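To start, the structure under review is shown below, and the notes come after it.
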Amino acid sequence: MAITAMLLFSFAASAQNNNGWYEADSLVYIPTAALDSSLVGRDVLGMISSEVHQSAQIKSGLASRIEKNASRVISGYRVRIFFDNKQTSRGDSEAALNRFRNMFPGVAAYRSFANPFFKVTVGDFRTRSEATRLLQQVKGMFPSAILIKENINYPVVNTENSYMVDTVRVRRQLSSR
């Protein structure tokens with residue numbers, strides 16, 4: 001599972017050099033794992049085979065179950081905060097996505113294009129009631145937000161800590177203003 005970090009803002013510019021660059025500390029929000037990815041697709045019982053004795057039928061049944069579930073999707077709910085097909089929709093959808101990510105850094109957000117519409121959907125929720133809570137929070141900022149049912153990524157296990165905050169040092173070019 002690839003971990004992606006979202007750079008939100010910089011603060012406290014420090015060391016400056018003569019080449020027009022400076023270093024700054026920046027906060028990043030890193031999504032936590034939705035599940036323990038180190039065990040995905042692995043035969044857990046086979047890993048502890050010295051302690052667990054199982055018949056050949058159980059072994060083959062477990063192997064076929066792992067193979068069938070490899071590409072499994074989960075049906076759930078998301079909140080659609082943007083849906084439009086105007087000429088400015090590409091930029092407007094990007095702006096809506098960035099605005100949402102700045103307001104809710106720990107919530108998954110997706111931007112897609114299905115000819116001729118640009119869409120921005122947010123969240124990965126198993127139940128309608130979980131998605132409704134987010135809908136109520138964003139309705140004031142995104143008045144056209146609606147609840148939709150679609151295939152989702154596996155939601156984070158710990159909703160209280162869906163992301164970690166860390167500080168990184170980045171190099172930036174001084175503006176020529």
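Just so it is clear, the values below take in all heavy atoms, side chains as well, and ignore hydrogens, waters and symmetry mates. None of the values given here were measured: they were computed from a predicted structure.
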| For the hydrophobic clusters of this structure (ILVMFWY residues joined by side-chain heavy atoms under 4.5 Å, transitively), does one cluster hold both I146 and F83? |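 The answer is no; the residues belong to distinct hydrophobic clusters.
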Gap between atom [atom2] of [Y] and atom [atom1] of [X] - 0.5 Å precision:
| X | Y | atom1 | atom2 | answer |
| --- | --- | --- | --- | --- |
| E130 | T127 | CD | OG1 | 3.5 Å |
| Y77 | K149 | OH | NZ | 3.5 Å |
| E150 | S112 | CD | OG | 7.5 Å |
| Q137 | F142 | CD | CZ | 12.0 Å |
| L135 | I81 | CG | CD1 | 11.0 Å |
| N98 | R111 | CG | CZ | 9.0 Å |

| Would F113 and F118 count as a close aromatic pair, with their ring centres under 6.0 Å? |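 Under 6.0 Å, so yes.
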Quick one: closest heavy-atom pair of [X] and [Y], and the distance?
| X | Y | result |
| --- | --- | --- |
| S75 | N151 | CA-OD1, 4.1 Å |
| I152 | F125 | CD1-O, 3.4 Å |
| G123 | Y110 | O-CE1, 4.1 Å |
| A131 | V79 | O-CG2, 3.6 Å |
| A109 | R101 | O-NH2, 3.3 Å |
| S93 | R90 | OG-O, 2.9 Å |

| query | So F100 and V107, side chain to side chain contact (heavy atoms under 4.5 Å, CB included) or not? Walk me through it. | reply | CA-CA 9 Å; F100 179 84; V107 179; 3.8 Å; yes
| task | For the residue pair T88 and D92, confirm or rule out a side-chain donor-acceptor distance under 3.5 Å. | result |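 On atom types as modelled, these side chains qualify, holding a pair under 3.5 Å.
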| said: Would the distance check show the side chain of R99 and the main-chain N or O of M141 forming a donor-acceptor pair, the cut-off being under 3.5 Å? | reply: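 Such a contact is found between R99 side chain and M141 backbone.
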| task | Show the numbers, then the answer: is there a side chain to side chain contact (heavy atoms under 4.5 Å, CB included) between V120 and R80? | result | CA-CA 6 Å; V120 177; R80 179 170 291 147; over 6 Å; no
| request: Tell me, with the steps shown, if R78 and V122 meet side chain to side chain contact (heavy atoms under 4.5 Å, CB included). | output: CA-CA 6 Å; R78 288 188 175 146; V122 297; over 6 Å; no
